[in-house]
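Just so you know, ligand 1 is whichever comes first in the structure, and atom 1 is the first atom listed for that ligand.
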Amino acid sequence: MIRLKTIEQIDGIRTSCKMLSAMYRELIPLVKPGVETRDLDAWARNWIRRAGGKPACLGYGPKKNPFPATLCISINNTVIHGIPSARKIAGGDLVSLDCGIELDGFVSDQAITIEAGKVSPTAHNLNKVTRECLYKGIEAVKPGDRLLQIARAVSAHAQSFGYGVVHQYCGHGVGLALHEDPSVPNTPRGSNPRMMAGMVIAIEPMITLGSGDVELLDDDWTVVTADDMLSAHWEHTIAIFKDHAEVLTDAVEG
Ligand code: MF3
Ligand code: CO
């Protein structure tokens, strides 16, 4: 069931989104070769709590195996939901950060991919095109149009460069919970509702140098490319109004 949000609720979700983007602006300069990913995670957890928010990913998921961190940190062949650890960031890594904040009951979601040190031209291009895919998807958000227009825009752009589009994981409704209906895929498949005023969605292309097929590791969270090829991931939270869409999260430099 798609929960349409009121203007007041969207105001609350926007505030949560602005807090999340502000956190990223301070976090990005810390993402440097030699840093352990668990230190970035602890920093983000403290920042969010000091700001009066709650990390939305921490404890999310099944009771038996909740996500154990504030940030998803997914490096190179890890696509999404990487668990922070003693792994140090190395020069040349593509580091995807994904985070949600709950503020007064309103949930935001944003992901960026950072190039640590100097990355290969191949990695840089993948990252650039993945970010472009996100904006192509956002341009396709038009009240009254069908949701899968987003997937068509995202996948056409990625495929024009020969890249793979991850289809086993999707964007989603967001705002009153981290994951709500509808599912917002990056390739055209599944239900295709009309976009309408009050919908708040997270668009999050996951693009790879290879086939786009992924595998889930034994920890039941970490998603890696099946062919071990590089991947990148960008995400914004977007609200739909009667005759326009608004990107609630701010563009931050990756
Ligand atoms: N943007 C991510 C997603 O939609 C946030 C994941 S938090 C996690 O999947 F707890 F599920 F990892
Ligand atoms: Co998301």
Nearest neighbour in protein (non-hydrogen) for atom 7 (S) of ligand 1: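 Answer for atom 7 (S) of ligand 1: Cys57 SG, 2.5 Å.
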Nearest protein heavy atom with distance in Å, relative to atom 2 (C) of ligand 1: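 The protein heavy atom lying closest is Asp98 OD2, 2.8 Å.
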Aromatic ring proximity, centroids under 6.0 angstrom, Tyr163 and His157: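 When the ring centroids of His157 and Tyr163 are compared, they turn out to be at least 6.0 Å apart.
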Presence of N, O or S from His179 under 2.8 Å of the Co ion (ligand 2):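 For His179, the answer is no, given that no N, O or S atom comes within less than 2.8 Å of the Co ion (ligand 2).
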Backbone or side-chain N/O/S of Asp109 under 2.8 Å of the Co ion (ligand 2):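 A backbone or side-chain N, O or S atom of Asp109 is under 2.8 Å from the Co ion (ligand 2).
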Ligand 1 versus Tyr169: contacting region, heavy-atom distance under 4.0 Å: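 Contact part for Tyr169 vs ligand 1: neither.
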Ile80 and ligand 1 - part of the residue with a heavy-atom distance under 4.0 Å: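 Under 4.0 Å from ligand 1, Ile80 contributes no heavy atoms.
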Aromatic plane relationship, His81 with Trp221 - under 30° parallel, 30 to 60° tilted, over 60° perpendicular: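 Ring orientation of Trp221 relative to His81: perpendicular.
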Within-shell test, Val174 vs ligand 1, heavy atom, strictly < 4.0 Å: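 No.
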Sub-4.0 Å heavy-atom contact, Gln110 with ligand 1: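 Contact check Gln110 vs ligand 1: negative.
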The Co ion (ligand 2) - closest N/O/S atom in Glu204: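 So the atom name we want here is OE2.
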Selected option - heavy-atom contact closest to atom 6 (C) of ligand 1, from Glu235, His81, Met206: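 Going through Glu235, His81, Met206 one by one, His81 has the nearest heavy atom to atom 6 (C) of ligand 1.
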Residue selection (non-hydrogen contact nearest atom 12 (F) of ligand 1) among Cys72, Ala111, Gly59, Ser74: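 It is Cys72 whose heavy atom sits nearest to atom 12 (F) of ligand 1.
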NZ/NE/NH1/NH2 to OD/OE distance under 4.0 Å, Lys128 and Glu115: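 A salt bridge is absent here (no side-chain N lies under 4.0 Å from a carboxylate O).
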Validation row: Leu230, Thr208 side chains within 4.5 angstrom (heavy atoms):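 Of all side-chain heavy-atom pairs linking Thr208 with Leu230, none is under 4.5 Å.
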